Amino acid sequence: MQKIVINSRHGGFGLSDEAMRRYAEIKKIEDVNSVHIYDICRDDPALVQVVEELGEKSHDRYSELRVVEIPDRISWIVLEYDGLEHVAEQHRTWY
């Protein structure tokens, strides 16, 4: 199973300061300020570890993070409406 981190409430994806410090520690990044939240892949094992370790302490003021498990070898994408996110199987789309 693949583990993916999503925001499960309206507001938007974000990590607490404590979670950002823990993420940088796991990734061996010396300057936590050099990490931008939107550069972190949602299936990054370090991100998953942070959310599983810290639980509610990983949330920032606008987020409620959780780990979703989906089957291996599924091509996925995170979709959101007003900050509330879900994981969907990726498929082709034309406009």
Side-chain angles (χ1 to χ4, degrees):
M1 297 292 276
Q2 300 178 73
K3 292 184 175 185
I4 303 161
V5 176
I6 63 169
N7 179 44
S8 62
R9 73 171 227 195
H10 292 285
F13 180 79
L15 290 172
S16 68
D17 291 341
E18 180 179 356
M20 288 297 286
R21 284 190 300 274
R22 179 66 178 129
Y23 178 82
E25 177 185 357
I26 293 167
K27 298 292 275 190
K28 300 187 183 340
I29 300 169
E30 291 186 24
D31 181 8
V32 71
N33 295 321
S34 69
V35 179
H36 192 277
I37 187 71
Y38 294 107
D39 292 335
I40 301 173
C41 294
R42 299 300 189 83
D43 62 345
D44 182 330
L47 175 62
V48 171
Q49 180 181 339
V50 167
V51 173
E52 289 180 337
E53 278 182 11
L54 297 180
E56 290 182 8
K57 291 181 181 179
S58 67
H59 309 171
D60 74 0
R61 63 188 266 195
Y62 300 110
S63 68
E64 186 173 310
L65 305 179
R66 70 184 193 110
V67 177
V68 175
E69 292 189 45
I70 65 169
D72 290 330
R73 296 182 299 279
I74 297 292
S75 182
W76 57 271
I77 188 168
V78 174
L79 299 175
E80 64 91 19
Y81 174 75
D82 197 23
L84 175 64
E85 300 176 332
H86 67 277
V87 178
E89 187 168 0
Q90 187 172 357
H91 57 83
R92 299 185 301 171
T93 304
W94 293 267
Y95 291 94

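Because the structure is a prediction, the values reported are computed rather than measured.
Using modelled atom types, no side-chain atom of Glu53 and backbone atom of Gly55 make a donor-acceptor pair closer than 3.5 Å. No donor-acceptor distance shorter than 3.5 angstrom exists from the side chain of Asp43 to the backbone of Lys3, with no hydrogens or angles considered. Counting only distance, with no hydrogens or angles, the side chain of Ser8 and the backbone of Glu64 share a donor-acceptor pair below 3.5 Å.
Scanning both residues, Ser63 and Gly12, for their nearest heavy atoms gives CB-O, 3.2 Å. The two residues Arg42 and Trp76 have their closest heavy-atom pair at CB-CH2, 4.0 Å.
For the atom pair CG of Asn7 and CG of Asp60, the computed distance is 8.0 Å after rounding to the nearest 0.5 Å. To the nearest 0.5 angstrom, Gln49 atom CD is 12.5 Å from Ser58 atom OG. Here Ser75 contributes atom OG and His91 contributes atom NE2; the two are 10.5 Å apart, rounded to the nearest 0.5 Å. Ile6 CD1 to Glu85 CD: the interatomic distance, rounded to the nearest 0.5 Å, is 6.5 Å. The line from CZ of Arg9 to OH of Tyr62 is 9.5 Å long, rounded to the nearest 0.5 Å.
Between Lys27 and Asp44 the shortest side-chain heavy-atom distance falls below 4.5 Å.
Following chains of ILVMFWY side-chain contacts shorter than 4.5 Å, one cannot reach Leu79 starting from Leu84, and the two form parts of different hydrophobic clusters. Both Ile74 and Ile4 are assigned to one and the same hydrophobic cluster, defined by single-linkage of ILVMFWY side chains at heavy-atom distances under 4.5 Å.
The pair Arg22-Glu25 meets the salt-bridge criterion, with a side-chain N (NZ, NE, NH1 or NH2) lying under 4.0 Å from an Asp/Glu carboxylate O.
The other members of the hydrophobic cluster of Leu54, by chain and number, are Val5, Phe13, Leu15, Met20, Tyr23, Ile26, Ile29, Val32, Val35, Ile37, Tyr38, Ile40, Leu47, Val48, Val50, Val51, Leu65, Val67 (side-chain heavy atoms under 4.5 Å, ILVMFWY only).
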